Amino acid sequence: MSGTLATGVALADQVRGRSRRFERIGPGGDPVAAGATSAGPAVAATAEHVADPPAAGVVLDCGWGRLVFGQTYADQADVADVLRSEAAGARDICIYLDDPHVLVSRLPDELFIDPSLTFRLPLHGEGLAAPEIPGLRIRPLRDAQDAEDVNRIYAANGMVTAPVEVLVTNAATDSFLHLVAENATGEIVGTITGVDHVAVFDDPDGGASLWCLTVDFNAAPPGTGQALITELAAQLVNRGRAYVDLSVLAENEGAIRLYERLGFYRVTALCVKRKNPINERLFLPAMPEGYDELNPYAQIVADEAMRRGIRVEVTDPTWGELRLTSGGRTILTRESLSELTSAVAMSRCDDKRVTRRILAQAGLSVPQGRTATGDGADTAFLAEVGALVVKPARGEQGKGITVGVRTPEALRTAVELAAQYCPEVLLEELRAGEDLRVVMIDHEVVAAAVRRPATIIGDGVHDIAELIKRQSRRRAAATGGESRIPLDGMTREVVAEAGYTMADLLPEGELLVVRRTANLHTGGTIHDVTAELHPEIAEACVTASRALDIPVTGLDLLVPAAEHPEHVFIEANERPGLANHEPQPTAERFVDLLFPGTRAPQRLWSPAGAASSGV
C-alpha cells in the first residue's frame, strides 16, 4: 500500500483510547437526555471529490483516530488496508471515498457505512450571527492543561479521547483549528475541532470539516455549541475556505434542525468505518431487548460488558437488573450491586446506624450521633453539638434529610420529615466540609469526587429564578432526568440567606449556591478529585470497605479538601452510581471484578490517579 502520512504530529499506529459506543451530544453540541436521540461523532464529509486523486493516499492523525481522505486514493484496496491497520481503541474514519458502498460490499465483515447524514455550510458573505452568551469566551487550545480539560469533556460524553501531546501539537499546525469555550469562571466548558483540507492536502475545492463538537454538561451555558460553530466558521472564512462539512446521526432530529437553521444543507456523502467495539452501536442489528429502558447506571455496566464480548440479558429494565454471561460464568447485577455483595454486607450499608458503629469499631472517624427518641435527650444532644443533620436511618437520594438544624422547633419538624421515610431517625452532629464520594471496588480506590450543591453562575442579564431553571434543565438533560433543582422553599431560603431574592439579577461571573446538600438528585454536581485524594483518606477508605466486607461501595465523607488528611465518614452506599465518575474507569473495574478473565479495551488517555486493571 502506498501512503503519505499527513499529520500534525509524527505518530502512526499508536495504541489509542477506548470509548463508549455513542457520543452524548445534542443540538450544537449541547447535551441531550439519556435515551433521547444523540448525535454521532462530528464527522466530515462532502459530495464532491477530486477528479484526479494523487497517487499517494492522505491520512491525518487526529489523536482519537485517523481521517482517511478517500478522494486521495486511486485504489479502494489501499483504503481497506489503511482501515485494517487501525490501532486498538481508535476510531478511524474514511471520508470522501468514491463509491464507498462498493468497498463495504466486498468486506461486509470488516467495514460498515456510518448511519449518518452529511451537512454543508457555505462560507461566504457575512457568516453566522454569533449568539450573545454573557461570560463565554472562545479561544484556541493552547497547552497540555487545555488538552487535559478537553479529554475530560470527551470522556464525560462517551467520546474517544486522544493523547495530550497529539492534541497540543495538532493545535499548533495550520491543518487544525482546535477551539475551546471558557465560561465566566475561566473553566473550559466546550470544544470543537476544524480540519482545513487545503492545509492538509491542498484541496482544490477549498473545503474544511468540523469534528468533535461537545460541551460540559455541568457548566456550559445554553448555546455554547452554536457559539463554537460560529467562531470556527468565522476563522475558516478568514482563511478563504469555501465550505465546512459535518455529519450527524440520521436519528438526531434536534441537531439537524439546528444545523439547518444555521444554514447547513444536505450533501450526498458517506463515511466508512471499521467494525470494532467502539462502533458496535452503529452497526449491530439491535441492542439487547430492554436496553433502551435502562437507566444510565445500568447502561454503563451493559456497555462495558458488551465491549468485552460478555453476553448481556436485560432481566428487568425498570429495576436496572442484568444477567451477564461469559463462558460458564453468569452473574446477576442491579447497576453496581451484584451477587458478589452478600446480604450481610448490604444490610450494614442499608442502616446508617450500623454503618457508623462498624466504622467506629474499626477506628475510623465518624460524627457524634444518636437515634432520635422524641424526648428531652434529643434537645440536649442538639444543645451539646450546636447544629444537627437529621436523616432517616434507612434511605437514599437525600430524601427526608434536613441539614443545619439549630433550634428545638426545627428539630421537631426535621424528625417528622425524616420519619415519613423511615420510622428510625438518626441525629448526627453537623460537620463542616465538602461532600466527598469515594468509589471502592475490590477494596481499592477507583474514583474520588467532590459533590457540590446546586450552583448557578450569574450573567448579569437573567434573574436568579431563571438561572436556576436553566441550570436545572441542563442537569436534567445531562442525567436523563435524574437531576433537577427544585424551586421549593429550601431553595428560596438558601438564596435569601445569601442576601438575594429570586427576582434579583446575579452579577456576571458570580457563583451562588442554591441548595444546602450536594445530592445529585436535587441538582448537585460531581467533580473528579481522584488525583488529589490524600493518601491517609485513601487508606482509611480501604479500611472501611474491608470492615464492611463489601466488594463495591460508595463511601461518603466530609473533608476540608480532598488533598488534606482530615476527614470524617458519613455513610456507605452498597449500590454507588458508576456513571457519575467520568473519566475514571469505574465500569471497567467493576466488570474486572465480575469477570477477571476479560480485559477492558485500551485507553489512549487516562486521567491522573486512574486505577489500573488487575488483568
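This chain uses plain numbering: 1 for the first residue, then up along the sequence. Keep in mind that this is a model prediction, so the values were computed, not measured.
Nearest approach of C94 to V79, heavy atoms of both residues: SG-CG1, 3.6 Å. Nearest heavy atom pair, residue R281 against residue D292, reads NH2-OD1, 4.0 Å. Nearest heavy-atom pair across E335 and A298 is CG-N, 4.0 Å. Residues G320 and L294 share a closest heavy-atom pair of CA-CD2, 4.0 Å. A pairwise comparison of heavy atoms in A90 and G65 identifies CB-CA, 4.2 Å as the closest pair. Nearest heavy atoms, D146 versus D143: N-OD1, 2.9 Å.
Using a cut-off of 4.0 Å between Lys/Arg side-chain N and Asp/Glu carboxylate O, D92 and R274 are scored as not salt-bridged. No salt bridge links R137 with E187; every basic N to acidic carboxylate O contact stays at or beyond 4.0 Å. With salt bridges taken as basic N to acidic carboxylate O contacts below 4.0 Å, none links R257 and E260.
Although no hydrogens or angles enter the test, the distance criterion places a donor-acceptor pair under 3.5 Å between the side chain of N276 and the main chain of N279. Put simply, the side chain of D459 gets close to the backbone of V461: a donor and an acceptor are under 3.5 Å apart. Here the side chain of D216 pairs no donor or acceptor atom with the backbone of A220 at under 3.5 angstrom. Side-chain atoms of K273 do not come within 3.5 Å of backbone N or O of F283 as any donor-acceptor pair. When atom types are taken as modelled, the side chain of T169 and the backbone of V166 share no donor-acceptor pair closer than 3.5 angstrom. Checked by atom type and distance alone, the side chain of T161 never pairs as donor or acceptor with a backbone atom of N151 at under 3.5 Å. Side chain of N170 to main chain of L177: no donor-acceptor pair is present (N/O by atom type, distance under 3.5 Å, no hydrogens or angles). Not a single donor-acceptor pair under 3.5 Å links the side chain of T230 to the backbone N or O of L128. For the pair Q299 (side chain) and Y291 (backbone), a donor-acceptor distance under 3.5 Å is present.
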Check the pair R66 / S85 against side chain to side chain donor-acceptor pair (under 3.5 Å), numbers first and verdict last.
-> CA-CA 10 Å; R66 299 172 300 175; S85 68; 2.9 Å; yes
Could you go step by step and tell me if R484 and S472 meet the side-chain contact (heavy atoms from CB on, under 4.5 Å) rule?
-> CA-CA 5 Å; R484 300 178 190 273; S472 183; 3.6 Å; yes
Derivation of the salt bridge (charged side-chain N to carboxylate O under 4.0 Å, His left out) call for D592 and R308 = CA-CA 10 Å; D592 284 347; R308 302 187 189 202; 2.7 Å; yes
Going through the distances and angles, do E110 and R84 end up as a salt bridge (charged side-chain N to carboxylate O under 4.0 Å, His left out)?
-> CA-CA 8 Å; E110 298 182 56; R84 285 189 181 112; 2.8 Å; yes
Before giving the answer on side-chain contact (heavy atoms from CB on, under 4.5 Å), spell out for V272 and F112 the whole-Å C-alpha distance, their side-chain angles and the decisive distance to 0.1 Å.
-> CA-CA 6 Å; V272 178; F112 71 100; over 6 Å; no
Stepwise salt bridge (charged side-chain N to carboxylate O under 4.0 Å, His left out) check, R470 with E466 = CA-CA 6 Å; R470 289 180 169 220; E466 178 61 25; 3.2 Å; yes
D196 and R241: salt bridge (charged side-chain N to carboxylate O under 4.0 Å, His left out), yes or no, with the steps?
-> CA-CA 8 Å; D196 186 337; R241 300 301 165 254; 2.7 Å; yes
Candidate pair N157 and T214, rule side chain to side chain donor-acceptor pair (under 3.5 Å), full reasoning = CA-CA 8 Å; N157 290 304; T214 191; 2.8 Å; yes
Might you work through the side-chain contact (heavy atoms from CB on, under 4.5 Å) test for R311 and M306, ending with a clear yes or no?
-> CA-CA 6 Å; R311 183 174 181 270; M306 288 187 288; over 6 Å; no
Might you work through the side-chain contact (heavy atoms from CB on, under 4.5 Å) test for L136 and V189, ending with a clear yes or no?
-> CA-CA 9 Å; L136 190 74; V189 296; 4.0 Å; yes
Would you sort out whether W64 and W211 count as a ring-ring contact (aromatic ring centres under 6.0 Å, His included), showing the intermediate values?
-> CA-CA 11 Å; W64 42 260; W211 300 78; 5.4 Å; yes
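The aromatic ring centres of Y265 and F119 sit 6.0 Å or more apart. Taking the ring centroids of H197 and Y96, they lie under the 6.0 Å cut-off. Taking the six-membered ring for Trp and the full ring otherwise, the centers of Y259 and F264 sit less than 6.0 Å from each other.
Rounding to the nearest 0.5 Å places OG1 of T191 at 6.5 Å from CD1 of I153. Rounding to the nearest 0.5 Å gives a distance of 7.0 Å between CG of L179 and CD1 of I192. Atoms CD1 and CD, on I485 and Q471 in that order, are 5.0 Å from each other to the nearest 0.5 Å. In this structure, the separation between CG on L167 and OG1 on T193 is 7.5 Å, given to the nearest 0.5 Å. Rounded to the nearest 0.5 angstrom, L97 CG and L270 CG are separated by 9.5 Å.
Residue-environment remark: CZ (R152) exceeds the threshold of 12 foreign heavy atoms within 6.0 Å. No more than 12 heavy atoms of other residues, nucleotides or ligands sit less than 6.0 Å from atom NZ of K469.
The shortest distance between side-chain heavy atoms of I457 and T185 falls below 4.5 Å. Between F69 and D203 the shortest side-chain heavy-atom distance does not fall below 4.5 Å.
Inspection of the Q71 and D98 side chains reveals no N or O donor paired with an N or O acceptor under 3.5 Å.
Residues satisfying the side-chain contact (heavy atoms from CB on, under 4.5 Å) test with S336, not counting sequence neighbours, are V552, R575, P576, L578.
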